[in-house]
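Order of listing sets the numbers, starting from 1, for every ligand and every atom in it. When reading the values below, keep in mind they use all heavy atoms of this one structure, side chains included, and skip hydrogens, waters and symmetry mates.
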Amino acid sequence: MATEIEFEVNGGRQRVKEDGATPLLLALRNNLELRGTRHGCATGNCGACAVLVEGRPVTSCNTPVEAVAGLTVETIEGFERDAVGKALLGAFMNEQAGQCGYCLAGILIRAKAFLVNTKSPSRADIAEALDDHLCRCGAHHRILTAIERAANELSGGQAA
Ligand code: FES
Ligand code: FES
């Protein structure tokens with residue numbers, strides 16, 4: 001049965017009228033028209049649908065929308081709002097990281113949560129952080145380089 005569920009998305013209050021068991025992914029894409037979050041495996045295994053809930057990455061395909069009632073959600077559309085998001089977007093553009101781009105929103109979400117909590121990570125640290133994310137294009141090398149570049153910029157170093 002549809003009920004009203006309220007939560008914050010990218011800094012703004014949102015309300016959706018939905019069955020509480022509806023995946024957050026579908027509420028974001030269909031109810032709120034935030035289509036940057038990708039629909040991949042729908043089983044919690046590819047990472048394409050990752051969003052931040054209270055700053056932590058979760059797979060939105062297997063998170064019921066009722067689980068985020070009263071909480072804060074961030075999607076890729078919110079990345080321009082702060083320094084870490086901007087640094088990541090810029091680095092991915094500059095490194096031309098990704099090919100088809102389908103995996104990137106989820107990877108950027110994971111990378112953001114990681115860089116907020118980890119200063120000056122090694123490449124191995126970054127690869128480990130991305131362990132739950134699949135990239136079928138095999139763009140891993142440039143993705144890792146882009147995250148290294150963003151980390152370097154955020155710590156005040158020069159871009160690679
Ligand atoms: S679509 Fe959610 S993990 Fe693959
Ligand atoms: S760039 Fe195509 S799946 Fe990663």
Within ligand 1, which atoms have a heavy atom of [X] less than 4.0 Å away?
{"X": "G44", "answer": "3 (S)"}
{"X": "N45", "answer": "3 (S)"}
{"X": "C46", "answer": "1 (S), 3 (S), 4 (Fe)"}
{"X": "C49", "answer": "1 (S), 2 (Fe), 3 (S)"}
{"X": "C41", "answer": "1 (S), 3 (S), 4 (Fe)"}
{"X": "A42", "answer": "1 (S), 4 (Fe)"}
{"X": "C61", "answer": "1 (S), 2 (Fe), 3 (S)"}
{"X": "T59", "answer": "3 (S)"}

> Does a sphere of radius 6.0 Å around CD in E128 hold more than 12 heavy atoms from other residues, nucleotides or ligands, not counting ones at 6.0 Å or beyond?
Replying inline: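 Incorrect, the count does not exceed 12.
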>> Taking atom CZ as the centre, does R136 end up with more than 12 heavy-atom neighbours from other residues, nucleotides or ligands that are less than 6.0 angstrom away?
In response: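 12 or below, so no.
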>> Below 4.0 Å, non-hydrogen atoms only: which portion of N62 touches ligand 1? Side chain, backbone, both or neither.
In response: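 N62 to ligand 1: no contact under 4.0 Å from either part.
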> Under 4.0 Å from ligand 1, counting heavy atoms only, is it the side chain of S60, its backbone, both or neither?
Replying inline: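 Looking at S60 and ligand 1, no heavy atom falls under 4.0 Å.
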> Would you say the side chains of T22 and D19 form a donor-acceptor pair under 3.5 Å?
Replying inline: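 The criterion, which ignores hydrogens and geometry beyond distance, is not satisfied for D19 and T22.
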> Between N62 and T43, do the side chains contain an N or O donor and an N or O acceptor separated by less than 3.5 Å?
Replying inline: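 On atom types as modelled, these side chains do not qualify, holding no pair under 3.5 Å.
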> How far apart are the C-alpha atoms of H39 and L25, what are their side-chain angles, what is the distance that settles it, and do they pass the side-chain contact (heavy atoms from CB on, under 4.5 Å) test?
Replying inline: CA-CA 7 Å; H39 193 164; L25 171 64; 3.7 Å; yes
>> For I107 versus F92, what's the shortest heavy-atom pair and its separation?
In response: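 Smallest interatomic distance, heavy atoms only, reads CG2-CZ, 4.2 Å.
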Atoms of ligand 2, numbered as shown, that sit under 4.0 Å from any heavy atom of [X]:
{"X": "C100", "result": "1 (S), 2 (Fe), 3 (S)"}
{"X": "G98", "result": "1 (S)"}
{"X": "R136", "result": "3 (S)"}
{"X": "G101", "result": "1 (S), 2 (Fe)"}

>> If we check side-chain hydrogen bond (donor to acceptor under 3.5 Å, both in side chains) with T145, which of these qualifies: H140, R123, E95?
In response: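 In the set H140, R123, E95, the residue that makes a side-chain hydrogen bond (donor to acceptor under 3.5 Å, both in side chains) with T145 is R123.
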> Is K112 close enough and on-axis enough to F79, meaning under 6.0 Å and within 45°, for cation-pi?
Replying inline: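 So K112 does make the cation-pi contact.
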> Quick check: does C135 have an N/O/S atom under 2.8 Å of atom 4 (Fe) of ligand 2?
Replying inline: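 True for C135.
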> Does C103 bring an N, O or S atom to under 2.8 Å of atom 4 (Fe) of ligand 2?
Replying inline: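 Yes.
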>> Taking R29 first and then E33, would you say they form a salt bridge - that is, a charged N and a carboxylate O separated by under 4.0 Å?
In response: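 Answer for the salt bridge query: no.
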> Within the side chain of E77, is there an N or O that forms a donor-acceptor pair under 3.5 Å with the backbone of R35?
Replying inline: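 Such a contact is found between E77 side chain and R35 backbone.
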> Who passes side chain to side chain donor-acceptor pair (under 3.5 Å) against E6, sequence neighbours left out?
Replying inline: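 Scan of E6 (side chain to side chain donor-acceptor pair (under 3.5 Å), adjacent residues dropped) gives R13, R15.
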> Any N/O/S atom, backbone or side chain, of H39 lying under 2.8 Å from atom 2 (Fe) of ligand 1?
Replying inline: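 No.
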> Nearest non-hydrogen atom to atom 1 (S) of ligand 1 belongs to which of P23, G40, A48?
Replying inline: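 Considering heavy atoms of P23, G40, A48, the nearest to atom 1 (S) of ligand 1 sits in G40.
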